[in-house]
Protein chains: 2
Amino acid sequence: MAETDWTDRHVARWRDHWVDVPFDDDVEGVVVRIGRLQRYLKGTKQRAVTETGLQDFEYDTLHSLMIRDTPGTASPTDLADELGISGAGMTGRLDKLEQAGWVQRTVAPDDRRRVVVEITKAGADIWRRAMALRGSQEQQMVDVLSAKERATINRLLRKMTLHVEAQDPDPSAAKSKD
Amino acid sequence: MAETDWTDRHVARWRDHWVDVPFDDDVEGVVVRIGRLQRYLKGTKQRAVTETGLQDFEYDTLHSLMIRDTPGTASPTDLADELGISGAGMTGRLDKLEQAGWVQRTVAPDDRRRVVVEITKAGADIWRRAMALRGSQEQQMVDVLSAKERATINRLLRKMTLHVEAQDPDPSAAKSKD
DNA sequence: GACGAATAGTTCGCTGACGAATTACCTTGT
DNA sequence: ACAAGGTAATTCGTCAGCGAACTATTCGTC
């Protein structure tokens with residue numbers, strides 16, 4: 001352990017104060033570090049996205065629309081589930097995205113209750129631009145690990161994701177604000 | 001690689017569609033998995049906190065107030081920084097927390113611009129109750145790893161947090177909604 | 001083939017958070 | 001000693017998102 005990070009200091013400070021609560025250094029370490037890395041990623045995304053002129057929630061929605069088995073097209077409900085927001089919230093987002101010209105709504109001809117959301121050329125283009133800006137920053141975070149370490153951490157992370165994905169059987173309760 | 005998780009499938013699906021963007025399986029894997037684990041943790045916290053009758057943001061604020069070198073007392077600005085919300089937002093939260101009787105505001109006698117936020121007995125009690133509910137669920141996530149694996153993943157996570165903490169020199173831009 | 005239940009999406013009123021402006025207080029330089 | 005500038009918190013207007021009620025369409029069954 002060459003250096004101590006924020007989490008080490010946090011854990012050291014709190015090991016004593018813990019009363020009536022199970023406290024395991026390694027568990028706390030994993031949980032807190034994941035939180036801190038996620039916070040960092042959120043920040044880098046924020047910066048990348050803002051640079052394109054998109055708002056955070058606009059990018060999130062376009063992103064969700066693109067990274068699916070049917071890229072660029074989805075129902076509002078599916079998107080809402082995937083993004084972890086309410087139906088009402090989704091309506092609001094789509095109003096703004098459609099207004100801005102990034103997506104397009106059409107009613108499904110076979111079931112007129114359904115709405116099909118499709119990304120426009122402009123939408124796909126700006127999403128790709130934001131993606132490019134993002135990628136490099138994420139790369140930077142992971143690049144401090146060697147190839148071998150990257151493989152190891154993915155193996156361990158996968159062990160945990162498999163566990164949590166098994167608990168929550170819904171595969172669409174997914175990606176959140178990455 | 002015994003089983004594939006959501007991220008494996010995501011990466012497999014997207015390796016091809018990637019154009020004009022650097023795409024590394026392992027980098028994407030780390031980033032996406034961290035996001036998904038964090039989402040899960042957010043969910044477990046949510047459930048634990050709701051069970052105590054607290055609202056999410058109330059718990060977050062009490063938590064931030066407790067896990068510091070001066071547990072149970074802080075300035076509004078420090079709390080806002082730590083929680084990553086604006087000063088205005090903090091004022092709003094403190095209004096509600098004070099109203100509910102979980103915290104108490106007093107002006108600092110030596111510098112009357114300053115406000116000292118202190119947790120009340122009731123506040124500390126309910127926070128502790130929520131903590132206990134939380135702990136066990138976090139434990140569960142990490143428990144799929146062996147003791148040795150837990151040590152390894154913490155080492156690798158620390159490598160990354162040290163990197164990102166070095167980039168963002170502000171140590172208070174910290175914990176977010178854990 | 002018609003009426004009740006189910007489903008997809010939207011509208012509505014409210015809430016938490018934001019940025020900008022404001023108030024109150026302290027510090028510094030002359 | 002007092003004006004100019006800085007700092008801590010609050011107020012104000014706005015916005016995204018929520019849950020609940022509502023509308024429009026389809027399904028199921030008798």
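In the text below, chain A, chain B and the rest are named by the order of the sequence lines, each starting its count at 1.
- Base pairing annotation: D:dC30 forms a Watson-Crick or G-U wobble pair with C:dG1, both donor-acceptor distances under 3.5 Å.
- Annotation: B:Arg105, atom CZ; neighbour count of heavy atoms from other residues, nucleotides and ligands within 6.0 Å is above 12.
- Taking atom CD1 of residue A:Ile85 and atom P of nucleotide D:dC15, one finds them 18 Å apart after rounding to whole Å.
- The existence of a salt bridge linking A:Asp143 and A:Arg150 is confirmed by a sub-4.0 Å separation between a basic side-chain nitrogen and an acidic carboxylate oxygen.
- When the salt bridge (charged side-chain N to carboxylate O under 4.0 Å, His left out) test is applied to B:Asp111, the partners found at least two apart in sequence or on another chain are B:Arg113, B:Arg114.
- Contacts of residues 111-119 of chain B with DNA chain D (heavy atom under 4.0 Å): B:Arg113, B:Arg114, B:Val115.
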Give the intermediate values and the outcome of side-chain contact (heavy atoms from CB on, under 4.5 Å) for residues A:Thr161 and B:Trp6.
CA-CA 8 Å; A:Thr161 53; B:Trp6 186 93; over 6 Å; no
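- Atom-to-atom, CD of A:Gln46 to P of C:dC18 comes out at 11 Å; the value is rounded to the nearest Å.
- Heavy-atom nearest nucleotides on DNA chain D were determined for B:Pro76 and for A:Pro109, and the one closer to the 5' end corresponds to B:Pro76.
- No side-chain donor from either of B:Arg129 and B:Thr52 sits under 3.5 Å from a side-chain acceptor of the other.
- In this structure, of D:dT11, D:dG17, C:dT11, it is C:dT11 that holds the atom nearest to the side chain of A:Thr91.
- B:Leu94 places its CG atom 9 Å from the P atom of D:dA9, with the value rounded to the nearest Å.
- OP1 and OP2 of D:dC15 both lie 4.0 Å or more from every side-chain N or O belonging to A:Gln55.
- Of the candidates D:dA9, C:dA17, C:dA20, the closest approach to any side-chain atom of B:Ala88 belongs to C:dA20.
- To the nearest angstrom, P of D:dA9 lies 16 Å from CZ of B:Arg93.
- The nucleotide whose nearest atom lies closest to any side-chain atom of B:Lys96 is, among C:dG9, C:dG16, D:dG17, C:dG16.
- Here A:Glu51 does not pair with A:Arg47 in a salt bridge; the nearest charged N to carboxylate O distance is not below 4.0 Å.
- Out of C:dA17, C:dG9, C:dC18, the shortest distance to the side chain of A:Thr77 is found at C:dG9.
- Using a 4.0 Å heavy-atom criterion, one finds that A:Glu58 contacts no nucleic acid atom at all.
- Side-chain contact annotation: A:His10 with A:Glu28, donor-acceptor N/O pair under 3.5 Å present.
- Nucleotide C:dC18 holds its C1' atom 13 Å from the CG atom of A:Asp56, rounded to whole Å.
- The residue A:Gly87 sits close to a base: some heavy atom pair falls under 4.0 Å.
- Computed from coordinates, the A:Leu79 CG to C:dT10 P distance equals 11 Å when rounded to whole Å.
- Here the C1' atom of nucleotide C:dT11 and the CE atom of A:Met90 are 16 Å apart, to the nearest Å.
- Closest approach to the B:Phe57 side chain among C:dG16, D:dG17, D:dA16 is made by C:dG16 (side chain taken as heavy atoms from C-beta onward).
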